[in-house]
Amino acid sequence: MSFIRCEALACWYLRQARDLPWRHTADPYHIWISEIMLQQTQVKTVQPRYAAWFERFPSIASLADAPLDDLLKAWEGLGYYRRARFIHQAAMRIENEFSGRFPRDFDALLSLPGIGRSTAGAIASFCFRQPRPVLDGNVKRVLRRWHDQPEATDKELWLLAQQALDGAADPALWNQAMMELGATICGAKSADCNSCPVSEACISAWQVDTAVEKQATVAVIDLHWQVALHLCPQKGIWLSQRPQTGIWAGLWTPPITELNDAPAKAPTHVHLLTHRRLHLYGELADGAPSGTGQWVDDISQLALPTGIHRLLEKQRSV
DNA sequence: AAGTCGGGGTC
DNA sequence: GACCCAGACTT
């Protein structure tokens, strides 16, 4: 049965997979960056940023040599900025420990910051044709439905993923096809079983609509941040760097003071994160700014979080 | 096993 | 609004 599934799925993939830029290469540097960008980030969001990245950083060496701020700037708007920090650290390790050549060994891949088991599986299979599975949100959903195990744990899913891969002739093609199936046919909110190439082998087929998807409800916590706007016609705006941990780690913002209670006035801008609701109160500040920071004439040169960009837009329009 | 970490697409 | 997305890392 496994063989039949492989043939049908591979055939379907080759016939009508989406044409995505990172599917035209097996170069580890390109695959690596695409996989990091795609972590918890939709294909449509990554697509326009993929080519731009390599124009700015044509090689791993150019990453290792660049200041972290340059990587953060290139990452602006992608979110999860820790990923850019990990890329920088990994690039330096590849240069220093692996003589600038991307490691092929699976455990060596796993040892690089930002590369977990699934991303390592993607690189190992796409670049080096090793039989390592990918287990992202798409593949997890497909496997849960395929085996009708909506409550399967990660450990169980990794086992199912490896078993399925072991029956495939081409690990890279199999991994791509599984993700493609989850992204286009076997969606989280919609399952088009009529179009599915492997519905006959799927235990959940035709009843996915009634299957209850377990979804963890995330508590959203309100935060109230006062944003001090020191504006100077000559010198620009005063920015300081966020701490290296926490929200917007390492990014540049006007000085932020966390308020214990919601002020009486309405926030200038409300910025939503996955589990935080940031109420931002722009406050025009007089006098010399205190603390460490710098006057910035052109904010397009530094990495600012999206929420701060929005705040400044609104503040200017007032 | 649960919590932390962004931002945008999509319905 | 709510939910989800080619997850990794820390505790």
Side-chain angles (χ1 to χ4, degrees), chain A residues 13 17-18 20-23 30-50 72 75-87 89-90 109-126 132-143 151 153-158 161 172 174-184 186-191 212-221 223 242-251 253 269-278 303-310:
Chain A
Y13 175 82
R18 293 168 296 174
L20 303 175
W22 43 89
R23 286 178 171 165
H30 286 77
I31 296 294
W32 170 44
I33 296 301
S34 75
E35 289 301 326
I36 303 295
M37 284 185 171
L38 286 161
Q39 288 171 2
Q40 292 299 103
T41 308
Q42 294 187 339
V43 166
K44 282 196 172 176
T45 304
V46 170
Q47 222 158 353
R49 300 171 180 274
Y50 176 76
L72 289 169
W75 205 259
E76 198 177 43
L78 271 173
Y80 289 135
Y81 295 94
R82 184 173 55 167
R83 294 183 290 177
R85 193 181 317 276
F86 286 152
I87 287 175
Q89 294 170 3
L109 287 174
L110 269 181
S111 77
L112 293 174
I115 298 183
R117 193 171 170 184
S118 185
T119 299
I123 297 172
S125 62
F126 300 158
R132 300 284 187 172
V134 168
L135 190 62
D136 66 352
N138 287 319
V139 179
K140 285 183 181 180
R141 183 173 57 254
V142 169
L143 289 173
E151 308 294 330
T153 64
D154 277 1
K155 184 179 178 182
E156 294 166 332
L157 289 169
W158 274 111
W174 175 261
N175 283 333
Q176 290 280 14
M178 286 290 279
M179 289 190 284
E180 184 74 3
L181 187 67
T184 62
C186 199
K189 292 185 170 182
S190 62
V212 178
E213 300 273 331
K214 189 174 113 180
Q215 49 201 7
T217 54
V218 183
V220 178
I221 297 174
L223 296 178
R242 296 284 299 164
Q244 295 305 309
T245 58
I247 293 171
W248 295 341
L251 272 61
T253 71
H269 176 64
V270 178
H271 187 74
L272 300 174
L273 304 180
T274 300
H275 45 285
R276 295 287 185 273
R277 188 182 291 116
L278 303 181
L304 274 62
T306 299
I308 294 300
H309 277 297
R310 299 277 187 273

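Values in this document were obtained by computation on a predicted structure and should not be read as measured data.
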Check: A/Met179 and A/Asp136 side chains under 4.5 Å, non-hydrogen atoms: yes
Please give me every residue in residues 77-86 of chain A whose heavy atoms get under 4.0 Å of an atom in DNA chain B, ordered by residue number. A/Gly77, A/Leu78, A/Gly79, A/Tyr80, A/Tyr81, A/Arg82, A/Arg83
Taking C-beta and beyond as the side chain, do A/Glu35 and A/Gln39 meet within less than 4.5 Å on heavy atoms? no
Could you check whether the side chain of A/Thr41 and the base of B/dG6 have a donor-acceptor pair of N or O atoms closer than 3.5 Å, going by distance alone? yes
Could you tell me whether A/Trp75 contacts a base, only the sugar-phosphate backbone, or nothing, with contacts defined as non-hydrogen atoms closer than 4.0 Å? nothing
Students often get this wrong, so: under 4.0 angstrom with heavy atoms, is A/Ser118 touching a base, only sugar-phosphate, or nothing? sugar-phosphate
Protein-nucleotide distance (A/Glu35, atom CD; C/dC5, atom P), rounded to Å: 16 Å
Does A/Lys44 make a side-chain N or O approach to OP1 or OP2 of B/dT10 shorter than 4.0 Å? yes
Please classify the nucleic acid contact of A/Gly246 as base, sugar-phosphate, or nothing, using heavy-atom distances under 4.0 Å. sugar-phosphate
A/Arg277 side chain vs A/Val220 backbone, donor-acceptor pair below 3.5 Å: no
Backbone N/O of A/Gly114 and side chain of A/Arg82: donor-acceptor pair under 3.5 Å: no
Mind checking if A/Ile36 touches a base, just sugar-phosphate, or nothing, with heavy atoms under 4.0 Å? nothing
To the nearest angstrom, the CZ-C1' distance between A/Arg117 and C/dC9 comes to 16 Å
Check this one for me: any side-chain N or O of A/His271 less than 4.0 Å away from OP1 or OP2 of B/dG6? no
Please give, in whole Å, the distance from B/dG9 C1' to A/Lys189 NZ? 11 Å
Hey, are the side chains of A/Thr253 and A/Leu304 touching, using non-hydrogen atoms and a 4.5 Å cut-off? no
How would you label the contact of A/Thr274 with the nucleic acid (heavy atoms, under 4.0 Å): base, sugar-phosphate, or nothing? base
Any A/Tyr50 side-chain heavy atom under 4.5 Å of A/Leu20 side chain: no
P atom, B/dG8 versus C/dA8: distance in rounded Å? 22 Å
Without decimals, in angstroms, what is the distance between A/Ile308 CD1 and B/dG6 P? 13 Å
What's the closest nucleotide to the A/His275 side chain, out of B/dT4, C/dA6, B/dT10? B/dT4
With a 4.5 Å heavy-atom cut-off, do A/Leu112 and A/Trp32 have their side chains touching? no
May I ask you to say what A/Arg23 touches in the nucleic acid, namely base, sugar-phosphate or nothing, with a heavy-atom cut-off under 4.0 Å? base
Measure CZ/A/Arg49 against C1'/B/dG7 and give the value in whole Å, please. 9 Å
Between B/dG6 atom P and A/Leu273 atom CG, what is the distance in whole Å? 7 Å
Checking B/dG9, C/dC5, C/dA6 against the side chain of A/Asn138 (C-beta onward), the nearest is C/dA6
Looking at A/Trp248, does any N or O in its side chain come under 4.0 Å of the phosphate oxygens OP1/OP2 on B/dG7? yes
For A/Leu272 and for A/Thr153, find the nucleotide of DNA chain B with the closest heavy atom, then tell me which residue's nucleotide is more 5'. A/Thr153
Roughly, in whole Å, what's the span from CE in A/Met37 to P in B/dG7? 15 Å
Of A/Arg18 and A/Pro113, the one whose nearest nucleotide on DNA chain C sits closer to the 5' end is A/Arg18
Are the side chain of A/Arg132 and the backbone N or O of A/Ala120 linked by a donor-acceptor pair below 3.5 Å? no
Taking C/dC5, C/dA6, B/dG7 as options, the one with an atom nearest any side-chain atom of A/Leu38 is C/dA6
With DNA chain B as reference, determine whether A/Arg276 or A/Thr306 sits nearer its 5' end, using the nearest nucleotide of each. A/Arg276
Side chain of A/Ile247 - closest among B/dC5, C/dG7, C/dA6: B/dC5
Between CD of A/Gln40 and C1' of B/dG7 the distance, given in whole Å, is 12 Å
If the P atom of C/dA6 is compared with that of B/dT10, how far apart are they to the nearest Å? 11 Å
Pairwise side-chain contact, A/Glu156 with A/Leu143, heavy-atom cut-off 4.5 Å (strictly under): no
Which is more 5' along DNA chain C, the nucleotide nearest A/Gln39 or the one nearest A/Arg277? Just name the residue. A/Arg277
